[in-house]
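Only one structure is covered here, and it is reproduced in the block below.
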2 protein chains.
Amino acid sequence: MGNAGKKQRSPDAKARVGDKDEAAYLASYKAKDYPRPSVTVDLVVLSILEGELRLLLIKRLAHPFKGRWALPGGFVRVGDGFEDQGEDLEHAALRELAEETGLPEGSIFIEQLYTFGRAYRDPRMRVITVAYYALLRPELAVKVVAGSDASEATWWSLSQPGQPELAFDHQEILERALTRIRGKLDYSDIAFELVPATFTIAELRAVHEVIQATSYDPGNFRRRFNRMLTDGIIEDAPGHRPTSTRPARLYRFRGR
Amino acid sequence: MGNAGKKQRSPDAKARVGDKDEAAYLASYKAKDYPRPSVTVDLVVLSILEGELRLLLIKRLAHPFKGRWALPGGFVRVGDGFEDQGEDLEHAALRELAEETGLPEGSIFIEQLYTFGRAYRDPRMRVITVAYYALLRPELAVKVVAGSDASEATWWSLSQPGQPELAFDHQEILERALTRIRGKLDYSDIAFELVPATFTIAELRAVHEVIQATSYDPGNFRRRFNRMLTDGIIEDAPGHRPTSTRPARLYRFRGR
DNA sequence: AGAATAGTGTCTATCAGACACTATGCA
DNA sequence: TGCATAGTGTCTGATAGACACTATTCT
């Protein structure tokens, strides 16, 4: 171990120095001599369970911050650098998400959030993390189990006080994710990622209410909803959702 | 050269293996054995000159894409990794901006845009770039000169057809920056970063028009502007701006 | 029958867009 | 004096928030 620098150098680099043509130049490129940071992806995984906004946290089994709760994430695979440049960032995020939740890779919505790279944010070494947020429909969220590395995974409520102190700068990442999501909720389609495949108006309203931590007038919300209907963003779905009183009509997101 | 891997390892790592305490653990940490990508910052530097939206591009002097135009940027300094973890991402962006424009480091507005890390986006090796956008007031923009590395720097117009083909995935980065800026223009204060320190309503309107590539009714725009006045976002400034006809009142952004 | 939620309608304030109009300084 | 731009006022349509009201189903 500790031979990463060696492995990443093209084997016959020196031989081609001096060649003017670009292909040869690439082979002899020496930029790898600069120190490089480690790059990770971290995920703010959110869902709504039992009417509360919930965050998926993993208990760290190793130093640093051993025993503390942290966002799921891990190193981006960059291959050997030259012949194999490894996986895309989004792929790394989806892979880590699948590994740490046990869910299949498809059908999980993620979006890049921000990149956190403050020096000393990881005490071990320079680590730059590309943060994503993921939104899980409740049907999927309940299937989450601890990943193959046997680490503990738990849905913490953000709707109630008493979250644990997070490892690294993960609290800051979480807050930026919430701010972003709150800002995008009204003008984007992300709310539909937190609702079952077919849903009632009240269910969609509950998503908005839980995320914004306010309450909306049912009548006014319905009006906004009706505009989405006439705009073709959503459509009727067959059946009704039984409730404690009058059953509610079902709808379906038409996106994508 | 090629000794980056060696330099980044803590000298007495092996000696402390087995110690349970966290500090010792950090010293012996071996995560550096994973291959690491290079990390750069790239900047979409925009200003408005002669009524046109302009983008600062640098002509590449080296392979790859030698002779092609590219966004200014460069490697993030990460120090030796452990004792010295190097500079923050935003600092790297501000430093590169200063180096490549000759402008002083303060008083330039930048904001992180997105991180582009597709495999093979750089043919040499795996490079992940954290993109920022910078907005320069016209007074500053005219002072930009080619940086210390003597590379050619030019303001290209985005308001007219005929931009050059950009190096790497810089076209994609540019497009994301424009989309972001167009989206934020209405609800944020970024328009004030493209206008002189004191400005007229027509000048601010011109910024909006050039960026959105539309035209706004002067009367209606003035009404929006008046709301900003009563909200305290902007305030009167002394004097008038001479025009070809009736001089216009001056205002000043109150932010920060 | 009563309770609770689904679903509809109305009123008001705010704001954007269209557009007509007045004011002022320069050529 | 004419003209271009600065600056004001008015009308209309769309939308959000407050709130009163009707409809339907479960218990």
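A, B, ... follow the sequence lines: proteins, then strands. Residue 1 opens every chain. FYI, side chains are in, hydrogens and waters are out, and symmetry mates aren't considered; it's all heavy atoms of this structure.
Residue R222(B) places at least one side-chain N or O closer than 4.0 Å to OP1 or OP2 of dG7(D).
Centroid-to-centroid, the aromatic rings of F116(A) and F168(A) stay 6.0 Å apart or farther. Ring-centre distance between F199(B) and F253(B): not below the 6.0 Å cut-off.
H240(A) places its NE2 atom 18 Å from the P atom of dA23(D), with the value rounded to the nearest Å. Whole-Å rounding puts the Y216(B) OH to dA18(C) P distance at 11 Å. The CZ atom of R241(A) sits 15 Å away from the P atom of dC26(D) (whole-angstrom rounding). For the pair R205(B) CZ and dA16(C) P, the interatomic distance rounds to 16 Å; values are reported in whole Å. One atom, CZ of R249(B), and another, P of dG25(C), lie 13 Å apart when rounded to the nearest Å. dT15(D) atom P lies 13 Å from atom CE of M228(A), rounded to whole Å. Taking atom CG of residue N226(B) and atom P of nucleotide dA6(D), one finds them 14 Å apart after rounding to whole Å. The nearest whole Å value for the distance from the CD atom in E203(B) to the C1' atom in dA6(D) is 13 Å.
At a cut-off of 3.5 angstrom, counting only N and O atoms as typed in the model, there is no donor on one side facing an acceptor on the other between the side-chain of D217(A) and the base of dG17(D). Taking 3.5 Å as the limit, the base of dG17(C) and the side chain of R223(B) contain a donor-acceptor pair of atoms between them.
Annotation: of the two residues near DNA chain C, T245(A) and G219(A), the 5′-most nearest-nucleotide partner is T245(A). Comparing R246(A) and R224(A) along DNA chain D, the residue whose closest nucleotide (by nearest heavy atom) sits nearer the 5' end is R224(A). Along DNA chain C, the nucleotide nearest to S244(A) and the one nearest to P218(A) differ in position, and the one closer to the 5' end is contacted by S244(A).
Scanning both residues, A134(B) and L43(B), for their nearest heavy atoms gives CB-CD2, 4.4 Å.
Ring geometry for Y216(A) against F221(A) counts as tilted: the plane angle lies between 30° and 60°, on a 0 to 90° scale.
Annotation: cation-pi pair R60(B)/F65(B) absent, no NZ/CZ under 6.0 Å from the ring centroid and within 45° of its normal.
Closest contact between the side chain of N220(B) and the listed nucleotides dC19(D), dA18(C), dA6(D) involves dA18(C).
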